[in-house]
Amino acid sequence: MMNLLAQFDLNQVLSLASEETATRGIGSWAGWIPLFPLIAAIACGVLAYRPSGAKTKRAGVICIAGLGFAFVVSVILALNIGHGQGHVTLFEWIRTDHLKADFAFFLDPLTSIMLIVVTGIGTLVAVYASEYMWGDRGYARFFAFVSLFIVAMTCLVLADNLILMYLGWEGVGLCSYLLIGFYYEKPAAVAAAKKAFIVNRIGDLGFALGIMLTYLQFGSVEFAVIFKQIEAWQASGTEISIAIQTIPFLLMLGAFGKSAQLPLYVWLPDAMEGPTPVSALIHAATMVTAGVYLIARMLPLFLLSPYALPTVAWVGCITALFSATIGMAQYDIKRIFAYSTVSQLGYMFMGLGVLSSVGGTFHLFTHAFFKAALFLGSGAVMHGFAGQLDLRKLSGLWHVPGWQIVTASMFVACLALAGFPLTAGFFSKDMILAQAFVTPGPGFEWLGWIGLITAGMTAYYTFRVFFRVFMGPVSFKPGDDHHGVHDDHHFHPHAPGPAINFVLIVLGLGAIFAGWLGVGGESHGWFGGMVHASSANYEAAHEAAHETGFFSNPHQWMMLASSIIGIVGIGIAAYLHLLNRPAAERWRQAILPVARLAEHKWCVDEGYDLLIRRPLRAVGHICYSLGDTLIINGLVALAGWIPRLIGAAVRPLQNGRLQGYGLGMAGGAAMLLIIVWWML
Amino acid sequence: MLLTLLLIPTLTALIIMLRPARQAALIALIGSMVALVWACFVWSAFDFGDSASIQLAASWTWIEPMGLSFSLGVDSVALMLVMLTALLIPLSVLGSWTAITERVREFFLWLIILEIAMLAVFMARDLLVFYLAFEFTLVPMFFLIAVYGSTNRARASIIFFLYTFTGSIITLVGLLYVAWLQWSHTGHWTFDIATLTATAASMSATQQAWVLLALCCGFAVKVPLFPVHTWLPLAHTEAPTAGSVILAAVLLKLGTYGLYRFAMPMCPVAFSQYAPLIATLCIIGIIYAALVCWVQRDVKRLIAYSSVSHLGFCVLGLAAINTAGVSGSVMYMINHGLSTGALFLCIGMVYERYHTRSMDELGGMARRMPIWTFFTVFFVMSSVGLPGLNGFVGEFLTIFGAFTSGQPLQGLPTTGPLGPWYAAFAGTGMILAAIYLLYFTGHLVFGKYHVPDASHGGVHEHAHHHRLPRDLSLREVLVLTPLAIFCVWLGVQPDAILSRIEAPVNQVVASVEFANSQPLAALVTEDGEGR
Amino acid sequence: MVEMSIIYAACVAGAIGLLFLLPRRGNRWGLIGAVLGAGALGAGMLALARGSNASGDHPDVFFYVLSFVAAGGAVRMITHPRPVYAALYFILVVLATAGLFVQLGAEFMAFALIIVYAGAILITYLFVIMLAQEAPDDQHPDALLDYDATAREPVAATVIGFVLLGALLGVMYRGTNQLPARAAHRSVPDAELAMLAGKVESTLRDADLMKDSETIASVDPAARIAWVRSPSMENPRVVELPADLHVANVDTVGVSLLAEFPVSLEVAGVILMLAMLGAVVLARKPAFAAAIGSPHGFYVGEPHRKAGAP
Amino acid sequence: MTAPLSMLALNHYLLVSGVLFVIGLIGFLTRRNLIIMFLCTELMFQAAAIAMIAFGAYYGNAQGQVFLIFILTIAAAEAALALALVVALYRRRSTLDAESWSELQG
């Protein structure tokens with residue numbers, strides 16, 4: 001922090017000069033971004049432990065201030081950096097002989113985008129939570145953890161070397177553990193928190209080994225050095241060794257762990273046990289996108305090995321399809337949106353995989369908005385209806401007074417998620433799918449078609465929720481946790497307050513207009529420019545491939561196809577869940593076995609438990625009972641037991657009879673004499 | 001200078017014996033605080049410029065013909081461990097202020113004598129002084145467990161004593177063989193560690209192998225390496241809080257320090273030959289202990305097994321024989337001391353209130369003891385190895401050392417016998433650590449609040465009317481805060497230690513590499529020629 | 001050299017013989033045992049004799065008689081069920097040994113043995129046997145006690161005994177030729193006379209070669225002359241020793257006892273005194289212990305009723 | 001003094017002494033009557049005495065006999081004490097059986 005303060009001078013801020021001043025000067029502001037949330041975290045922490053902490057709203061205010069300031073700084077930085085880069089070293093962290101890892105920040109357009117998303121959504125969620133969490137005993141504690149989370153996330157995004165990114169990586173893991181387990185008296189929440197942390201840790205191991213391998217191959221863990229080395233190799237055309245090609249796979253393991261992709265996605269649906277603002281912030285917009293950011297950041301490294309990106313693409317695609325199927329069969333609104341997040345993350349990975357880094361990151365950007373809106377909307381519903389989240393027990397909220405804003409924002413967000421034309425989701429998803437059809441790669445066409453089908457499914461389950469909950473006849477049953485005092489029969493939901501409505505409106509607008517950022521201009525508007533200027537840049541040959549014909553130009557063609565698919569999906573959802581609800585039940589009966597299996601999440605959780613957790617515990621038991629107590633302690637006891645055994649064997653010799661001893665003595669004498677005789 | 005550091009606790013012990021039992025705790029605290037201050041004074045007097053050489057050396061001849069001399073001296077690695085000991089003793093004295101109700105004077109007496117023994121071990125420059133102190137640490141620990149332990153303390157203390165004692169007897173044999181070899185060369189007896197290391201390094205590979213086996217027997221038992229670790233859980237569950245803290249924080253480090261000070265420099269060729277074997281033992285230890293941890297119901301036993309698993313990392317770092325690995329292992333010794341010591345203190349505080357250690361009877365402390373929860377979760381995160389806290393640096397460097405040892409680094413070959421696969425398997429230890437420590441936190445800290453009914457809700461009535469408040473008292477917070485501060489400081493600024501121990505670590509690694517690069521060391525026959 | 005193989009055969013035969021002789025219920029093989037034993041001893045002697053290269057003449061016939069008597073007495077002693085007879089047989093053995101001593105020219109010791117040993121020690125044994133006589137029950141007082149009638153582990157004892165004997169003899173006979181060489185024939189016969197002034201004086205006075213007033217200055221046994229100093233003359237006069245003046249066995253023993261082992265003599269005296277004191281204390285009645293007030297003292301406890309009785 | 005003993009004669013006496021000694025030993029080991037056991041020890045003394053005298057004669061000096069005197073004193077002392085003990089033991093258990101005294105066992 002020392003050299004940070006030295007460079008801060010006021011005129012620099014006012015000058016807002018162009019890119020070239022965006023070197024050391026403005027870059028040093030990056031240090032402020034994690035600092036303010038850290039101060040907020042410590043302040044809220046202190047508040048949490050003072051008995052009066054829970055009574056006042058001060059914690060919420062501090063947190064919003066901290067995050068807001070960080071957001072402002074990141075916006076200023078984004079405007080200033082433009083397409084340039086910035087670097088600032090705060091202090092030396094780990095220095096052994098040649099392993100150098102400092103607390104240093106590296107700024108480039110990709111980082112700015114991520115910063116805006118993280119701090120922006122963070123501030124909005126903080127505002128939302130200041131009202132939503134009011135009245136809860138751990139109010140200050142909640143905001144302490146949220147601000148700590150933003151600190152860790154910003155460190156992750158701003159890191160200039162892999163080890164600092166690892167610090168952020170594990171830091172967000174810790175905060176998600178603390179926040180999921182926020183209601184620590186609910187055993188389910190504690191178990192979900194533990195599950196999240198452990199599954200993340202499995203991914204982190206892959207990430208750590210990846211870091212070590214990069215160090216081995218590149219001699220350093222800093223991006224600048226790594227990218228320079230890669231350019232040098234590409235220029236000189238040196239052959240890429242197998243070891244370097246394995247690095248992306250290890251990093252991928254970390255990314256899939258954090259962004260809940262197929263093998264390690266099980267923790268995200270359970271993470272819904274945490275309070276809804278947490279789900280919105282961490283498990284929809286920011287933390288889960290860390291994996292996408294990692295791959296985007298290290299794209300040049302991924303490009304080195306021919307198989308890395310296709311694997312990413314295919315894993316993303318399969319996860320998207322898989323979780324979409326589960327999403328369609330769930331009843332808990334938050335679980336549905338959790339599976340849809342997993343599926344949309346699949347899309348982002350697919351985007352990166354098919355070399356449409358712009359598409360992937362843009363989808364990340366837009367998804368952050370409308371998914372946060374969806375979660376906060378369902379949070380408002382849960383808050384209003386005393387924890388009720390089952391879509392079979394809620395209907396027709398549109399007509400209930402005070403809920404119109406929530407319904408409107410939910411409608412817009414659902415449209416965006418479904419990929420309805422001209423909404424944000426539409427543009428980003430279309431980019432990914434279009435690119436899938438264009439980039440040459442193993443089975444990428446199939447990728448495109450599966451993507452289209454999943455888009456349809458997404459549209460269906462999104463509007464299934466919307467039509468069930470918000471449209472149709474007004475009938476609802478309240479949930480079980482009555483922190484609202486009144487009992488069942490004359491329960492009337494209390495409408496969300498101004499803070500929640502304001503946040504929902506902002507996010508709703510974001511869901512619509514965010515799309516326009518990526519449209520226009522030769523390469524996907526402002527957003528495309530930013531991404532191309534960053535390390536995630538890929539001079540795709542596809543620019544040239546844009547012939548003029550409607551069908552030959554993938555984008556126009558894809559826009560048409562995906563909008564049709566979207567509308568069809570919405571139509572089916574409308575028919576089944578609005579106009580003819582009993583028909584939905586009949587259809588379900590028709591495919592009952594598959595439906596019930598999907599409701600049980602294809603028994604993946606039970607499978608993991610059976611295949612991994614239970615055997616490991618069994619081995620633990622065996623090791624403890626057999627290994628430690630029996631064998632090792634047995635051996636120790638044996639060492640003690642042998643002397644006793646020998647003692648017992650020899651005792652009868654001493655039987656007190658005089659002549660016995662005489663005999664012994666005579667025998668001994670005889671033996672001696674024989675020996676003497678033998679020796680003579 | 002160093003002798004006074006030993007004399008202060010001796011003086012304290014004397015005063016404790018003279019003064020009435022009521023004041024024993026206070027005198028012990030003052031004495032150990034003075035020792036800590038003096039240790040800081042030693043730290044300032046220590047010139048970190050050439051931290052590899054032995055400084056502040058002083059020696060008094062003890063038995064001239066035998067070459068025995070009471071010589072003290074310390075290099076930066078030993079200084080770190082001296083500081084760790086000096087820091088932990090006052091904290092454990094403060095930690096067991098109200099825990100001990102009868103025979104108070106002897107308790108603090110044994111604690112201070114233990115401090116003397118530990119300081120002597122780390123400061124010894126003479127083989128016999130080292131060995132004497134190494135053995136002498138067993139005596140106070142034995143009494144601490146045998147007299148102040150819980151239910152079956154007698155068995156635990158006996159097993160603890162005999163187990164470690166037999167191990168270290170074999171080490172003595174190894175050390176004496178080296179001393180004798182030195183005598184057969186030069187004709188006069190000396191037990192100075194530097195000269196003995198020189199002669200030992202010139203031994204033939206087979207001689208070194210045997211000496212290494214002997215040394216490892218003693219030190220492996222002390223660091224509980226995999227097959228010989230069963231004494232630790234027994235000793236920990238039965239030891240009083242202060243006993244477990246010191247046992248976990250410092251006594252286990254005697255083993256790793258011994259390996260670092262004796263095994264590596266004295267038998268470099270054999271060490272690098274058998275390093276893969278040692279590393280495999282460590283990895284088995286890590287995974288085995290972690291799995292066993294996961295099924296424990298007794299909290300202290302769980303943390304004891306976690307120490308077994310963690311110290312597996314520490315020795316793995318040593319076996320990697322490169323700067324990153326060995327400095328990581330030294331960092332690990334200090335970090336593990338801080339975080340596991342603190343965890344034992346936290347458990348001790350709960351034990352003082354509810355007198356139970358089993359997770360079945362106890363749980364959900366977060367509701368009633370928020371401050372305690374903060375500290376426990378903090379130290380759990382530190383020992384899980386969360387970056388930003390001290391655990392991470394040690395763990396990452398040891399695994400990093402294992403990963404890069406022996407691998408060509410940008411073309412130029414590096415020395416070291418291990419490889420990426422060792423690091424990969426040791427890495428699973430990180431996951432297992434998360435599993436069992438979160439299992440522990442999930443039961444004890446979070447979850448539903450349930451308490452053994454006998455202790456009527458935590459406000460505990462001691463025979464001596466120490467009414468302990470439900471959450472942590474100021475004294476207890478005072479015990480834990482310095483440890484927390486150190487954890488954060490070492491996590492964020494590990495350079496404070498890393499840069500200081502760089503020189504001695506490089507020296508040891510260089511000596512091992514040099515020995516390996518030599519043509520097979522000329523066979524040093526018993527009659528001494530053919531050097 | 002001695003024919004060792006015959007010796008060992010003799011040992012084995014002797015062992016078997018003795019085995020048959022040892023007391024056991026319904027012992028019918030006694031006679032054969034005795035014959036076998038005697039034969040074995042004879043064979044042993046014969047083996048010694050045939051090994052003729054041992055120089056020197058054979059011991060005369062008395063030796064054989066006495067040794068057979070001694071051996072037979074000893075065997076009978078350990079095989080006879082009645083303790084009194086055993087003691088008496090032992091006295092026979094002592095007498096036989098005394099005879100052997102006389103054979104060896106140690107007359108004094110022979111008689112000492114008979115007087116001290118047979119006379120005193122064994123008589124004490126007989127006293128004790130009578131004192132501690134235990135009659136099994138009143139009806140038939142002379143029934144054999146169980147513990148007297150049967151030998152305890154006869155086989156093991158005999159085997160070990162005779163193995164010991166074989167080894168002993170083997171070592172001795174192989175070792176005897178390595179004995180330190182004897183001094184050549186005694187250089188000076190009757191050398192002890194130099195020290196036995198009294199004896200010389202009394203013989204000379206008996207032979208009137210010395211007047212009462214004279215005293216002997218010194219004696220030179222080699223030249224068989226003695227110097228006598230009489231009050232009347234300055235230098236002593238030489239007196240020729242009578243031819244029949246020889247040193248008897250007693251004299252040599254006396255001289256050797258006092259000249260070479262004076263300390264041992266004193267120690268022997270002390271031992272005897274201590275033994276006497278010990279015996280007195282051991283055999284005292286409890287009253288003595290009560291008198292000195294120590295409950296334990298050497299009090300040996302009440303005499304029990306017969307073992308087995310309630 | 002008679003002529004010194006010849007080697008052959010010496011061997012003879014040693015044979016007799018050995019035989020007597022062994023017979024005494026076997027007697028000691030087999031007879032269960034305490035008194036007879038002690039008597040057998042006396043016999044062993046006797047055997048030793050023969051050997052002593054034989055060697056004395058073989059070497060032509062009286063040391064053998066002097067030593068025999070000492071053997072006799074020891075035998076006498078031993079006999080006295082042993083018999084006192086036997087009487088005491090007999091008083092305790094009114095039996096002379098050696099088997100009855102076997103408390104000193106492991």
Side-chain angles (χ1 to χ4, degrees), chain A residues 610 612-680, chain C residues 1-12 14-16 18-19 22-24 44 47 51 54 74 77-79 81 83 86 128 132 145-180 307:
Chain A
L610 208 61
I612 300 167
R613 187 178 166 289
R614 199 155 292 143
L616 264 180
R617 266 193 86 86
V619 167
H621 278 293
I622 292 166
C623 286
Y624 178 60
S625 53
L626 197 65
D628 254 17
T629 38
L630 200 62
I631 296 171
I632 299 179
N633 282 352
L635 285 176
V636 170
L638 191 69
W641 187 69
I642 289 171
R644 198 172 300 119
L645 190 74
I646 297 166
V650 174
R651 180 177 302 119
L653 283 181
Q654 208 175 15
N655 52 22
R657 276 188 208 80
L658 203 59
Q659 279 143 339
Y661 302 152
L663 208 64
M665 275 189 265
M671 282 306 132
L672 278 177
L673 274 176
I674 288 173
I675 293 169
V676 168
W677 173 78
W678 180 71
M679 299 230 300
L680 271 183
Chain C
M1 253 314 283
V2 181
E3 278 303 319
M4 289 317 291
S5 51
I6 300 172
I7 297 276
Y8 298 142
C11 285
V12 168
I16 296 161
L18 188 65
L19 199 58
L22 280 174
R24 76 168 62 77
M77 178 191 113
I78 59 171
T79 48
V128 171
L145 283 172
D146 166 50
Y147 60 78
D148 275 342
T150 55
R152 191 181 160 288
E153 284 173 20
V155 176
T158 331
V159 162
I160 288 193
F162 277 87
V163 160
L164 188 66
L165 179 64
L168 211 63
L169 297 182
V171 166
M172 276 198 284
Y173 292 144
R174 183 170 301 175
T176 39
N177 47 27
Q178 293 164 359
L179 280 176

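Every heavy atom of this structure was used, including side-chain atoms; hydrogens, water molecules and symmetry mates were not. Computed from a predicted structure; not experimentally measured.
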### Query
Which pair of heavy atoms, one from A/Leu673 and one from C/Val171, lies closest together, and at what distance?
O-CG2, 3.7 Å

### Message
Between C/Leu165 and chain A, with a heavy-atom cut-off of 4.5 Å, which part of the residue counts as in contact: side chain, backbone, both or neither?
### Response
neither

#### Entry: CG-CD1 distance between C/Leu164 and A/Ile674, expressed to the nearest 0.5 angstrom
8.5 Å

### Summary
Under a 4.5 Å heavy-atom criterion, the part of residues 663-672 of chain A in contact with chain C comprises A/Leu663, A/Ala666, A/Gly667, A/Ala669, A/Ala670

